[in-house]
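Note that this is a predicted model, so its numbers are computed, not measured. One-based numbering along the sequence shown.
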Amino acid sequence: MNADDTPIYGVMAEFETPEAAAKAARILREKGYSQLDAFGPFPSNELAEAIGFRETKVARCVLIGGIVGGICGFGLQYWASVLDYPHNIGGRPFNSWPSFIPITFEATVLFATIVGIISLLVLNRLPRLAHPVFAAPSFVRASVDHFFLCIRANGPDFSPEKAHELLTSFSPLSISVLREEDSS
């Protein structure tokens, strides 16, 4: 399979400032391009807002994991101290919840951490050792001083020629057509 037969991932443009990339992203979204990605050396709220970035589900997963961990930690102690092996120590009630607090807290932190790591990996589809954007000639600058805006090909009515022409109108430093990596 040669390079021309490989499906197109998208078209990416390189910009010198986050403002230029954000301006281009806003115009692209107005023209109906909703499948946009942005890359840069530091976070830019303006650029994130321009590409339509939404908050991730990782925080919600961590909260749910923490709640489940707290319930499990408390439930295990309750079951062991009250139901399975009730033992009267110092005249305290079997359900002495103040003594359950340290384990409940530790179980909450443990479950939240484990669920957070797993959800981060799953929701971001990691580990992904190769990505089409890495093939762009100047993409190494994304971690130094330039910003990149990618129109992904999975959007409605995507045309590489039209996307290239539209990106050219923003006077970027460079434009690259990205292709999916060869899976063979």
Side-chain angles (χ1 to χ4, degrees), residues 7 9-10 12 15 17-19 21-22 25-26 28-29 33-136 139-156 178 180-181 183:
Y9 174 80
M12 187 164 64
F15 296 93
T17 65
E19 293 81 17
R26 275 193 291 281
L28 288 169
R29 290 202 29 110
Y33 289 96
S34 59
Q35 299 296 317
L36 299 174
D37 280 332
F39 306 92
F42 56 85
S44 168
N45 291 334
E46 181 183 9
L47 184 55
E49 185 179 305
I51 66 168
F53 178 75
R54 298 175 316 276
E55 291 296 320
T56 65
K57 298 174 184 171
V58 175
R60 189 175 303 131
C61 292
V62 170
L63 175 64
I64 292 168
I67 290 169
V68 168
I71 291 170
C72 287
F74 187 87
L76 177 66
Q77 292 175 93
Y78 183 86
W79 174 75
S81 298
V82 177
L83 303 175
D84 189 44
Y85 190 66
H87 194 68
N88 189 353
I89 300 174
R92 288 182 295 180
F94 295 137
N95 182 18
S96 180
W97 67 267
S99 64
F100 296 173
I101 290 175
I103 300 299
T104 302
F105 173 75
E106 293 298 331
T108 300
V109 172
L110 177 68
F111 276 58
T113 303
I114 290 171
V115 169
I117 291 170
I118 291 171
S119 66
L120 177 77
L121 293 173
V122 170
L123 293 173
N124 288 311
R125 295 184 295 278
L126 295 174
R128 186 171 183 181
L129 302 177
H131 195 281
V133 298
F134 297 154
F139 189 70
V140 70
R141 306 285 307 263
S143 62
V144 180
D145 61 353
H146 286 175
F147 291 83
F148 292 82
L149 188 62
C150 179
I151 303 173
R152 292 194 312 262
N154 59 350
L178 307 174
E180 292 284 345
E181 51 268 346
S183 58

request  = Nearest 0.5 Å please: distance from the CD1 atom of I103 over to the SG atom of C72.
outcome  = 13.5 Å
note = Heavy-atom nearest pair, L178 first then A136, reads CD2-CB, 4.0 Å
request  = Give the minimum heavy-atom separation between R29 and I51, together with the two atoms involved.
outcome  = NH1-O, 3.3 Å
query = Which pairs count as side chain to side chain donor-acceptor pair (under 3.5 Å) when at least one residue sits in residues 110-130, sequence neighbours excluded?
reply = R128-E181
message = Can you list everything that forms a side-chain hydrogen bond (donor to acceptor under 3.5 Å, both in side chains) with Q35? Sequence neighbours excluded, please.
response = R152
key: Pairing residues for R26 by the side-chain hydrogen bond (donor to acceptor under 3.5 Å, both in side chains) criterion, not counting sequence neighbours   = E46
key: Set of ring-ring contact (aromatic ring centres under 6.0 Å, His included) partners for F111, sequence neighbours left out   = none
query = Do V58 and L123 have side-chain heavy atoms sitting under 4.5 Å apart?
reply = yes
key: D145: partners by side-chain hydrogen bond (donor to acceptor under 3.5 Å, both in side chains), with sequence neighbours left out   = R141
inquiry  = Which residues pass the ring-ring contact (aromatic ring centres under 6.0 Å, His included) test with Y9, not counting sequence neighbours?
reply    = H131
query = Looking at OH of Y78 and CD1 of I71, how far apart are the two atoms once the value is rounded to the nearest 0.5 Å?
reply = 15.0 Å
Validation row, ring centre F139 to ring centre F148 under 6.0 Å = yes
request  = Return each pair, listed once, that meets ring pair (Phe, Tyr, Trp, His ring centres under 6.0 Å) where at least one residue sits in residues 50-70; pairs must be two or more places apart or across chains.
outcome  = none
message = For a quick test of reading the model, state the closest non-hydrogen atom pair linking P18 to S44 and the distance between them.
response = CB-OG, 3.7 Å
ask   = With side chains defined as the heavy atoms from C-beta onward, is the minimum distance between L28 and L149 less than 4.5 Å?
value = yes
request  = Mind jotting down which residue pairs meet the side chain to side chain donor-acceptor pair (under 3.5 Å) criterion with at least one end in residues 86-98? Sequence neighbours excluded, please.
outcome  = none
key: Closest heavy-atom pair and its distance - A25, A50   = CB-CB, 3.8 Å
Minimum heavy-atom distance between C61 and V115, given as atom pair plus value = O-CG1, 3.2 Å
Point-to-point distance, once rounded to the nearest 0.5 Å, from CG of L76 to OG of S81 = 8.5 Å
ask   = Listed by chain and number, what are the salt bridge (charged side-chain N to carboxylate O under 4.0 Å, His left out) partners of R54, not counting sequence neighbours?
value = none
query = When you look at CZ of F105, are more than 12 heavy atoms from neighbouring residues, nucleotides or ligands closer to it than 6.0 Å?
reply = no
Pairing residues for R60 by the salt bridge (charged side-chain N to carboxylate O under 4.0 Å, His left out) criterion, not counting sequence neighbours = none
task = Not counting sequence neighbours, which residues clear side-chain hydrogen bond (donor to acceptor under 3.5 Å, both in side chains) with T104? List them please.
result = Q77
Separation of L36 CG from L47 CG (nearest 0.5 Å) = 9.5 Å
task = Could you pull out all residues at least two apart from F147 that satisfy ring-ring contact (aromatic ring centres under 6.0 Å, His included)?
result = F42
query = Looking at CG of L126 and CD1 of I117, how far apart are the two atoms once the value is rounded to the nearest 0.5 Å?
reply = 12.5 Å
